[in-house]
Amino acid sequence: MEKILIVDDEESIVTLLKYNIEQAGFQTDVAYDGATALQKAEQNSYDMIVLDVMLPEMDGMEVCKKMRQKQVDTPVLMLTAKDDELDKILGLELGADDYLTKPFSPREVVARIKAILRRSTREPKQEDSDRLVIADLTIYPEQYEATIKEQPLTFTPKEFELLLFLAKNKGRVLSRDQLLSAVWNYDFAGDTRIVDVHVSHLREKIEPETRKPVYIKTIRGLGYKMEEPK
């Protein structure tokens, strides 16, 4: 049974989330401040973390940043203030997999959790059995691993899913909406910036020069395309 860490300093929100997440069939653990959340994330194995931005001791942004620095790649659903665009984008840039604004519906939280877990914990398919090689980039779908010039790369689960989908569709122009549907498995109501942020993360890890990408090309007005570098 998957285990979810719920992190929020408001006890009423933790109680609400805990009840609904457990009703959906998950186990839960809780933390009420950032320092405790980081400690638990490092010492325990969770399938996902629901993380509020505004926390005592250490805010959610810093928790997420330190987790990724310490190679804790547990998927993170970040809870942000309503309409605070800066929180959303900064959270994604620091390694969160998804975000949800307050106030939120408990059903929406559960739906987001299930969507992320479907991607990050799915059983490997037969079609994933062979590695994908694009120039110096090698992707191992079953292991959720990749290398560039034989050097291992580190990705969040969502970054890897995006890389894999782009690679499987090499040479094909993919719109941001197509990527949202395929990788995140639900609509973001036109909010496509999450795709741009994750593409930026991928470029930082696989491109020789991020300003002159040779693997993931931007097709102006359309979306992105994975290419074989010339």
Side-chain angles (χ1 to χ4, degrees), residues 1-38 40-41 46-65 67-68 72-121 156-159 161-162 176-177 179-198:
M1 183 182 295
E2 292 102 333
K3 192 171 186 178
I4 313 297
L5 175 62
I6 303 167
V7 187
D8 199 298
D9 62 332
E10 295 185 46
E11 189 172 346
S12 60
I13 291 179
V14 171
T15 300
L16 178 67
L17 289 174
K18 181 178 173 65
Y19 173 78
N20 283 275
I21 291 172
E22 289 180 352
Q23 286 295 110
F26 301 103
Q27 291 183 332
T28 63
D29 192 7
V30 302
Y32 295 93
D33 63 77
T36 301
L38 180 60
K40 287 192 171 189
Y46 298 106
D47 295 282
M48 191 169 169
I49 299 173
V50 179
L51 179 65
D52 188 32
V53 170
M54 299 300 294
L55 294 169
E57 302 283 337
M58 182 188 303
D59 68 29
M61 299 294 185
E62 189 68 15
V63 173
C64 191
K65 178 181 178 181
M67 281 176 50
R68 298 314 186 212
V72 178
D73 61 1
T74 308
V76 172
L77 171 62
M78 188 161 280
L79 305 179
T80 72
K82 183 179 181 182
D83 297 329
D84 193 335
E85 188 71 14
L86 180 61
D87 276 357
K88 297 175 186 177
I89 302 308
L90 182 57
L92 293 172
E93 289 176 345
L94 292 176
D97 294 86
D98 194 359
Y99 61 81
L100 194 60
T101 56
K102 293 182 176 182
F104 51 77
S105 160
R107 288 184 179 181
E108 177 69 3
V109 174
V110 171
R112 297 285 180 107
I113 289 172
K114 289 181 176 179
I116 293 173
L117 290 178
R118 272 198 297 270
R119 292 293 175 173
S120 60
T121 63
T156 66
K158 201 57 64 180
E159 288 169 359
E161 288 290 343
L162 178 58
R176 290 171 175 82
D177 286 337
L179 292 169
L180 283 172
S181 177
V183 177
W184 281 265
N185 209 33
Y186 53 85
D187 293 331
F188 269 71
D191 186 357
T192 56
R193 188 164 315 185
I194 190 171
V195 174
D196 298 332
V197 172
H198 279 72

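The structure displayed is predicted, hence computed values, not measured ones.
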Ignoring hydrogens, what is the shortest heavy-atom contact between Cys64 and Met78? Give both atom names and the distance. CB-CE, 3.9 Å
Contacts of type side-chain contact (heavy atoms from CB on, under 4.5 Å), residue Asn20, not counting sequence neighbours: Leu16, Pro106, Val110
Residues at least two apart in sequence or cross-chain that pass salt bridge (Lys or Arg N to Asp or Glu O under 4.0 Å) with Glu62, listed by chain then number, are Lys66
Could you work out, with side chain to side chain donor-acceptor pair (under 3.5 Å) as the rule, every residue matching Glu22, not counting sequence neighbours? Lys18, Thr28
Using side-chain contact (heavy atoms from CB on, under 4.5 Å) as the criterion, list what pairs up with Asp29, not counting sequence neighbours. Lys3, Leu5, Lys40, Tyr46
Which residues pass the side chain to side chain donor-acceptor pair (under 3.5 Å) test with Asp196, not counting sequence neighbours? Arg176, Tyr224
Excluding sequence neighbours, so at least two apart, what forms salt bridge (Lys or Arg N to Asp or Glu O under 4.0 Å) with Lys65? none
Excluding sequence neighbours, so at least two apart, what forms side-chain contact (heavy atoms from CB on, under 4.5 Å) with Glu11? Thr15, Tyr32
Under the side chain to side chain donor-acceptor pair (under 3.5 Å) test, residues paired with Asp59 that sit two or more places apart: none
If you measure from CZ on Arg112 to CG on Leu100, what distance do you get to the nearest 0.5 Å? 5.0 Å
Residues in side-chain contact (heavy atoms from CB on, under 4.5 Å) with Glu10, at least two apart? Asp8, Ser12, Ile13, Lys102
When you check the gap from the basic side-chain N to the acidic O, do Arg68 and Asp97 get nearer than 4.0 Å? yes
